[in-house]
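Indexing begins at 1, ligand by ligand and atom by atom, following the structure's order.
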Amino acid sequence: MKSFPWGRVAFFVTGNTCKFDEARMVLAEYNVATAMLRVKAVEIQDDSVEEVAKVSAIDAAKKCGLPIIVEDAGLFIEGLKGFPGSYSSYVYRTIGTKGILELMENVEEREAYFHSVVAFSSPDEPPRCFHGKAEGKISREEKGSHGFGFDPIFKPLNGHDKTFAEMTKEGKNKYSHRALALGEFAEWYTSGFQK
Ligand code: ITT
């Protein structure tokens with residue numbers, strides 16, 4: 001790993017262009033250019049977001065033959081005992097934001113958080129994970145048209161009562177779980193992989 005030649009380019013394996021754009025902006029602040037790789041990496045079902053990210057990263061690095069990052073995130077709603085958590089992708093595709101609001105019609109405890117894990121892996125190195133968490137609340141109704149996924153129903157703490165979907169990408173990146181995890185990754189990546 002010491003003679004590792006990259007460091008100023010990150011290969012981000014994702015099929016989500018919104019995620020990629022958010023990541024590109026964060027990594028640019030660290031002078032790291034981001035390339036998007038659309039590779040069908042394994043995505044396991046597991047209660048742990050970290051485990052899901054790690055397994056994808058190992059598989060993606062093998063398939064690409066490159067050092068890569070993947071990022072996996074989940075929305076954890078306190079009043080629903082952490083649901084949908086690491087199953088957010090499935091829940092979004094099935095019941096969506098409207099389904100979550102319906103489930104929460106009579107739920108007063110609206111605290112929630114997004115947890116993001118960025119997993120870095122290269123074909124000959126075990127994966128390494130970086131975490132980010134954004135605390136906030138689930139709104140009573142959908143608001144805003146930016147972003148993706150659960151953005152229209154998530155209001156980050158200290159976000160002036162706006163949902164992520166009411167913010168620009170730059171605005172969301174000030175509060176987001178993904179920006180925090182990528183920041184941790186970038187610090188390490190640009191420092192020559194110091195511990
Ligand atoms: P990949 O190709 O990178 O896996 P994905 O869209 O499948 O992209 P994840 O598995 O990480 O992304 O995310 C699971 C779901 O959680 C995703 O479909 C969204 O509905 C939701 N989600 C994740 N991050 C989010 C964010 O920043 N804002 C809103 N919803 C988010």
Write down, by chain and number, every protein residue that brings a non-hydrogen atom to less than 4.0 Å from an atom of ligand 1.
Thr14, Gly15, Asn16, Lys19, Glu43, Glu71, Asp72, Ala73, Ser88, Ser89, Tyr92, Phe114, Phe148, Gly149, Phe150, Asp151, Lys172, His177, Arg178

Can a side-chain donor-acceptor contact be found between His115 and His177 if the only test is distance below 3.5 angstrom?
no

Return the set of residues passing salt bridge (Lys or Arg N to Asp or Glu O under 4.0 Å) with Lys62 (not counting sequence neighbours), or none when no residue passes.
none

Carboxylate-amine/guanidinium contact Arg110 Glu78, below 4.0 Å
no

Would you call Lys98 and Glu102 a salt bridge, using N to O less than 4.0 angstrom?
no

Got a sec, which hydrophobics cluster with Leu157, joining ILVMFWY side chains under 4.5 Å apart, including via others?
none

The side-chain hydrogen bond (donor to acceptor under 3.5 Å, both in side chains) partners of Lys169 (sequence neighbours excluded) come to none

